[in-house]
Amino acid sequence: MKPVSIYQVFPRDFGPHGTLKDVTEQLPHIRAMGFDYVYLLPIHPIGIEGRKGTLGSPYAIRDYDAVDPAYGTMEDFEDLIAQAHACGLRVMMDIVIHHSACDHPWVRNHPEFYHRDENGKIVRSVPDWSDIYDFDYSSRNLRTELLAMLKRWAEKGVDGFRCDVASLVPLGFWLEARKTIAEINPDFLWLAESVDMPLVKMIRAKGLDAVSDSELCQAFDLLYPYDLRSEWEDAENHGTLLPLQRMLDYTITEYPRNLSRIWCLENHDCRRIASVVNREAEKNWLAFTFLLPGAAFIYAGEEAYETHLPSLFEKETVTWKHRSEELEQWIAGLNALRKETLREVWSVQVFQNETAMEFAAFGPEVYYGLFAVNGGTSLKTELKDGRYRNLLDQEETEVKNHELPASSAPFYTKIRREDLVL
């Protein structure tokens, strides 16, 4: 698939009013940074029964066909879609259909839609998710209702779904949903939030369905790299790069070519990158994730060096006072460069390098990147000695003894295959 970049928004915390209109006002700015999609956390009314915190989790939904009044009206959402399309953005919705809120009308009117124990009591597979009940996909009527709901949003002009805990919904449903939505929009984008292996094992141990990442590839265009999360956080927190590099190189090769991974340094579930690395390291990490073949991703506030991860259960507006025009221009440049250089990639190699993140992307042209995420003064490189032009600043840099000065990074250049030591 062509390179895409996604900007994630939690409407409650994005602007001063916590409404969809706040988001709509900023769409031209998001587009100016070069993003293709604006992805909204769930916009639906939130359950009251078992509610966590003051405002509750947006992932506990009690009406799939409505907009939470705190966010505005359906007309506000339709205007957001229209304004996004007008400025060249597409809109991705967060879809939560592994479960519903405990007080969704279906709990009362269609208890057969939910998992129940031998006594008929509705149960949940993850005890900590105390504000929701799990759906039972053995119900054909449930599937019919959910498919109809997805169609209604696609018909309103939504361009993609980010599917919450997609691993815990049967693969057959996702395949059916993809086919159904393709009849409305053949270019619809599907992003799966897969889950980590310990949760897959726990769910399967209960005799319930849990779909592996390799199976999700059949129905989705994009997956989060949650199978790399521990290695990724060790690299960011402690500078331990080799385990991440090994896993990246393995998974990029292991998964089918039709699938892209979505490289995110943070999202609503993962701590803020600026809380663990300095600004120079963040600049390098951003360049690495935007130029590594796959999909690029920003969580609103990342461009302002936000360090606080907002609670899902309260209103904690993003602190925009450190909003950086320089960083926003840097992101815009990365988006432009990735669209220019990553249009066709046949293979990617992530190198073992204790001093930096390093990769080469092979296609009709070959591109090489080296990123100083750990600081230091010099970086090892797989490039042969010689002079190379950094496409990020158009400066020429000399490789000597297979090393580059760390001040040259982030470093991204077009090379010949024979320029590598391989």
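Inspection of the Ser311 and Glu316 side chains reveals no N or O donor paired with an N or O acceptor under 3.5 Å. At a cut-off of 3.5 Å, with distance as the only test, a side-chain donor of Tyr59 or Asp94 sits close to an acceptor on the other residue. Under the 3.5 Å distance criterion, with hydrogens and angles disregarded, no donor-acceptor pair is assigned to the side chains of Asp13 and Thr317.
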**Request:** Applying ring-ring contact (aromatic ring centres under 6.0 Å, His included), run through Tyr39 and His268 and close with a yes or a no.
**Result:** CA-CA 12 Å; Tyr39 148 41; His268 63 283; 7.1 Å; no
**Request:** Just do the ring-ring contact (aromatic ring centres under 6.0 Å, His included) check on Phe351 and Phe359 with the steps written out, would you?
**Result:** CA-CA 6 Å; Phe351 298 106; Phe359 71 85; 8.6 Å; no
**Request:** Show your working on side-chain hydrogen bond (donor to acceptor under 3.5 Å, both in side chains) between Glu254 and Thr251 and close with a plain yes or no.
**Result:** CA-CA 5 Å; Glu254 175 70 12; Thr251 58; over 6 Å; no
**Message:** As a quick check of understanding, evaluate side-chain contact (heavy atoms from CB on, under 4.5 Å) for Glu354 and Leu241, giving each step before the final call.
**Reply:** CA-CA 6 Å; Glu354 294 177 340; Leu241 303 184; over 6 Å; no
**Message:** Is there a side-chain hydrogen bond (donor to acceptor under 3.5 Å, both in side chains) between Thr24 and Gln83? Walk through the geometry before answering.
**Reply:** CA-CA 7 Å; Thr24 302; Gln83 296 297 326; over 6 Å; no
**Request:** Kindly indicate, with the supporting measurements, whether the criterion side-chain contact (heavy atoms from CB on, under 4.5 Å) is fulfilled by Glu396 and Ser408.
**Result:** CA-CA 9 Å; Glu396 273 204 351; Ser408 300; over 6 Å; no
**Message:** Is there a side-chain hydrogen bond (donor to acceptor under 3.5 Å, both in side chains) between Asn390 and Thr413? Walk through the geometry before answering.
**Reply:** CA-CA 5 Å; Asn390 189 348; Thr413 187; over 6 Å; no
**Request:** Would you check, one step at a time, whether the test side-chain contact (heavy atoms from CB on, under 4.5 Å) holds for Val126 with Met202?
**Result:** CA-CA 9 Å; Val126 181; Met202 184 187 81; 4.1 Å; yes
**side-chain contact (heavy atoms from CB on, under 4.5 Å) evaluation trace for Ile262 with Ile6** = CA-CA 9 Å; Ile262 185 166; Ile6 300 171; 3.6 Å; yes
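Taking the side chain as every heavy atom from C-beta outward, Leu259 and Leu222 never approach each other to under 4.5 Å. No side-chain heavy atom of Trp129 sits less than 4.5 Å from a side-chain heavy atom of Ser57. Contact check for Tyr71 versus Val23: no side-chain heavy atoms found under the 4.5 Å cut-off. Contact annotation: the side chain of Val123 never approaches that of Asp134 to less than 4.5 Å [non-hydrogen atoms, C-beta and beyond]. Between Phe371 and Leu379, the closest side-chain pair of non-hydrogen atoms is not below 4.5 Å. Residues Leu223 and Leu216 meet the side-chain proximity criterion, which asks for heavy atoms closer than 4.5 Å. Side-chain atoms of Arg387 and Thr397, non-hydrogen and from C-beta on, never get closer than 4.5 Å to each other. Under the 4.5 Å side-chain criterion, counting only non-hydrogen atoms from C-beta, Ser212 is in contact with Arg204.
Under the ring-ring contact (aromatic ring centres under 6.0 Å, His included) criterion, the residue pairs touching residues 3-33 are Tyr7-Phe35, Phe14-Trp320, with sequence neighbours excluded. Residue pairs that meet the ring-ring contact (aromatic ring centres under 6.0 Å, His included) test with at least one member in residues 171-192, sequence neighbours left out, are Tyr137-Phe173, Phe161-Phe188, Phe161-Trp190, Trp174-Phe220, Phe188-Trp190. Identified under the ring-ring contact (aromatic ring centres under 6.0 Å, His included) test for residues 381-422, with sequence neighbours left out: Tyr367-Tyr412.
Across Ile61, Val165, Leu41, a single residue satisfies side chain to side chain contact (heavy atoms under 4.5 Å, CB included) together with Val96, and that is Ile61. Between Pro410 and the options Trp330, Phe288, Trp285, a side chain to side chain contact (heavy atoms under 4.5 Å, CB included) holds for only Trp330. The one candidate from Arg338, Lys339, Arg90 that meets the salt bridge (Lys or Arg N to Asp or Glu O under 4.0 Å) condition with Asp36 is Lys339.
Within a 6.0 Å radius of NZ in Lys414, no more than 12 heavy atoms belonging to other residues, nucleotides or ligands are found. For CD of Glu325, the number of neighbouring non-hydrogen atoms (other residues, nucleotides, ligands) closer than 6.0 Å is 12 at most.
Taking the charged nitrogens against the carboxylate oxygens, Glu183 and Lys151 have no contact shorter than 4.0 Å, which rules out a salt bridge. A salt bridge is absent between Lys21 and Glu25: the closest approach of a Lys/Arg side-chain nitrogen to an acidic carboxylate oxygen does not fall below 4.0 angstrom. Here Arg178 pairs with Asp221 in a salt bridge; the nearest charged N to carboxylate O distance falls below 4.0 Å. Using a cut-off of 4.0 Å between Lys/Arg side-chain N and Asp/Glu carboxylate O, Asp164 and Arg162 are scored as salt-bridged. A salt bridge links Lys156 to Glu78: one of the charged nitrogens lies within less than 4.0 Å of a carboxylate oxygen. Ion pairing between a basic and an acidic side chain is recognised when a charged N comes within 4.0 Å of a carboxylate O; Arg261 and Asp227 show such pairing.
Without hydrogens or angle criteria, Asn185 side chain to Ile181 main chain gives no donor-acceptor distance under 3.5 Å.
Of all non-hydrogen atoms in Thr381 and Asn353, the two that sit nearest each other are N-ND2, 4.5 Å.
Ring-plane geometry between Tyr64 and His44 is classed as perpendicular, the angle between the planes exceeding 60 degrees on a 0 to 90 degree scale with a lower cut at 30.
Taking the six-membered ring where the residue is Trp, the centroids of Tyr224 and Tyr226 are separated by under 6.0 Å.
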